[in-house]
Amino acid sequence: MKRDFLSLLDISTEECEHLLDLAAKIKSDWTAGQLTPVLPQRTLGLIFSKPSTRTRVSFEVAMHRLGGHCTFMSVQDTQIARAEPLSDTARVLSRYIDALVVRTYAQQELETLARYASIPVINGLTDLYHPCQVLSDLLTIREKRGSLDDMVVAWIGDGNNMAHSWINASARLGFRLNVACPEGYWPSAKVIERARTEGAARICLFDDPREAVKDTDVINTDVWASMGQESEAAVRRSIFQPYQVNQELLKAAPSHAMVLHCLPAHRGEEITEQVLEGPQSVVFDQAENRLHAQAALIYWLLVEAAG
C-alpha cells in the first residue's frame, strides 16, 4: 500500500523515530563509503511552483546516492500552467515515475495530487507545512544533544508553515514547544487543536520571546515574510523586530541552547549575523541533514512502507 508524506501527522511516533534512525545510518554509511545504491532504475519526480535551493538539490542528490534518477519539473513548464486538472497530472505521472515531491502554495493542491496518484507523494513545502525540514532538524538536534528526550524547543517569530510542522512534531514526539509570536501572527488555531487532539503535543504560547527561551534546548526561527508575502515585508519588519534572534535573546536562554534556522536567512532581520555564525548555531549541519533525512524518507516510502 502506498504511503504519502504530506505532514508529520502522516507518520506515527514509531515511524518518525525509525526514519531518524535510518537517516543516521544512511549518513554514517555514506561517510564511510559503504552506502549501497538500493534504488536502481527508480525515478523521483519533483514538481515545483516555488523557488528552491536546499529542497531541490538535497532530494536530487539523495536519489542519486540511492542509485536512482530524478526528473525536475517547474510548474510553468508543465500542462498544469495551462489548466490541466491536478487529478490528470497525478494519474499520468504515476505511470512514469515512482514517487513525487511537490513544492507549492496550497496544501489542498498537494492533497489532490496525493489523492489521485498511485505513487507516494512528498510535501516539499506548502504554505501550511514543511515536514521534510523539521525531520532533518530533529536529526540535527539528536546528533548534537544525544537524544530528543525531555527536550524543550522554542519557536520565535512568524506562526508559519515551519511553526505548524514543529507543532506536529510536538504531537508525535511529546516534547515541549514554546511558541512566541506577535499578536495577529500566531500559528493556525486549527493546527494547534489537531496536534493536541491527535498526539501528546505540549504547546505553550508566549508574547515575550525571552520567556519562551529561558529554559529551552533549541531556539528556532525563520524569515518574517515567507514566499508570497513579499508585499508585507516592510510592515512585518517593524512588527517582528522584538522577536529577532540576537545575542540579547541568547542571554535569556541556557548556554547550551542551540540555534536553528531553516534558511535562507535574512541576516540582520529575524537573526543577526553574530548569532547565525556563532558557536551556538547549527544551521549548516541542519542544512546538510536535509540530504540524509530525505534519503531515508525516499527509501522508506519506496521500499519499507510499500511492503
Side-chain angles (χ1 to χ4, degrees), residues 7-8 50 105-107 125-131 133-134 137 141 151-171 175-196 201-254 257-276 278 280-283 286:
S7 85
L8 284 162
K50 292 185 174 187
Y105 291 90
Q107 183 78 9
L125 178 144
T126 67
D127 288 348
L128 189 63
Y129 295 125
H130 196 4
Q133 178 66 57
V134 174
D137 296 352
I141 296 167
M151 179 172 72
V152 180
V153 176
W155 178 264
I156 309 298
D158 190 23
N160 60 11
N161 53 1
M162 281 297 301
H164 292 162
S165 289
W166 273 105
I167 288 166
N168 289 346
S170 175
F175 58 83
R176 195 171 93 220
L177 178 65
N178 296 342
V179 179
C181 305
E183 184 177 354
Y185 294 90
W186 293 102
S188 163
K190 290 183 178 179
V191 170
I192 294 173
E193 181 58 29
R194 184 183 175 196
R196 286 174 169 162
R202 295 190 292 152
I203 302 161
C204 303
L205 304 179
F206 293 84
D207 295 314
D208 185 349
R210 292 177 295 276
E211 287 296 313
V213 304
K214 69 179 183 181
D215 59 353
T216 192
D217 301 293
V218 180
I219 300 171
N220 211 332
T221 193
D222 191 9
V223 295
W224 291 336
S226 298
M227 286 180 281
Q229 298 174 332
E230 289 80 4
S231 64
E232 303 175 28
V235 172
R236 283 171 172 260
R237 275 194 293 272
S238 174
I239 292 171
F240 280 87
Q241 189 58 44
Y243 294 81
Q244 183 185 71
V245 177
N246 51 33
Q247 284 300 128
E248 182 180 354
L249 185 67
L250 290 192
K251 289 177 183 177
M258 67 186 83
V259 175
L260 274 66
H261 191 305
C262 61
L263 300 178
H266 294 167
R267 298 170 187 235
E269 291 187 12
E270 75 277 358
I271 190 168
T272 62
E273 178 91 10
Q274 185 179 12
V275 171
L276 190 67
Q280 289 172 256
S281 169
V282 297
V283 297
Q286 176 188 2

Exercise. What distance do Asn220 atom CG and Leu177 atom CG have between them, rounded to the nearest 0.5 Å?
Worked result: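 Those atoms lie 9.0 Å apart.
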Exercise. Picking from Leu125, Asp137, Asn160, what satisfies side chain to side chain contact (heavy atoms under 4.5 Å, CB included) with His130?
Worked result: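 For His130, the side chain to side chain contact (heavy atoms under 4.5 Å, CB included) test succeeds with only one of Leu125, Asp137, Asn160, which is Leu125.
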Do you know the tightest heavy-atom contact between [X] and [Y]?
| X | Y | answer |
| --- | --- | --- |
| Leu276 | Ile271 | CD1-CD1, 3.9 Å |
| Val223 | Asp158 | O-CB, 4.3 Å |
| Tyr243 | Pro209 | CE2-CD, 3.8 Å |
| Pro187 | Cys181 | CD-SG, 4.0 Å |
| His164 | Leu128 | ND1-O, 3.0 Å |
| Ser165 | Pro131 | OG-N, 3.5 Å |

Problem set entry | All side-chain contact (heavy atoms from CB on, under 4.5 Å) counterparts of Cys262, not counting sequence neighbours |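 Partners of Cys262 under the side-chain contact (heavy atoms from CB on, under 4.5 Å) test: Gln133, Met162, Asp222, Gln286.
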For this session: Using the test side-chain contact (heavy atoms from CB on, under 4.5 Å), find all partners of Ala252 that sit at least two apart in sequence or belong to another chain.
Result: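 Expected list: Arg210, Val213.
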Exercise. Do Asp208 and Lys214 sit within salt-bridge range, that is, some charged N less than 4.0 Å from a carboxylate O?
Worked result: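 No salt bridge links Asp208 with Lys214.
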Exercise. Taking atom CD of Gln247 as the centre, does the number of heavy atoms from other residues, nucleotides or ligands within less than 6.0 Å exceed 12?
Worked result: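 Count over threshold, so yes.
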Problem set entry | Side-chain heavy atoms of Leu250 within contact of Gln280, under 4.5 Å |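 Touching, per the 4.5 Å side-chain cut-off.
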Exercise. Between Asp215 and Arg176, is any pair of side-chain heavy atoms under 4.5 Å apart?
Worked result: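 Result yes, sub-4.5 Å side-chain heavy-atom pair found.
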Problem set entry | Distance-only polar pair, side chains of Thr221 and Glu270, donor-acceptor under 3.5 Å |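 The criterion, which ignores hydrogens and geometry beyond distance, is not satisfied for Glu270 and Thr221.
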Exercise. How about Asn246 and Glu248: does a side-chain donor come under 3.5 Å of a side-chain acceptor?
Worked result: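 No pair is found: no donor N or O on one side chain lies under 3.5 Å from an acceptor on the other.
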Problem set entry | side chain to side chain donor-acceptor pair (under 3.5 Å) partners of Asp207, counting only residues at least two apart |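 Residues passing side chain to side chain donor-acceptor pair (under 3.5 Å) with Asp207: none at all.
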For this session: For the residue pair Trp224 and Phe240, categorise the inter-ring angle as parallel (less than 30°), tilted (30 to 60°) or perpendicular (more than 60°).
Result: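 Parallel, since the angle between the ring planes stays under 30°.
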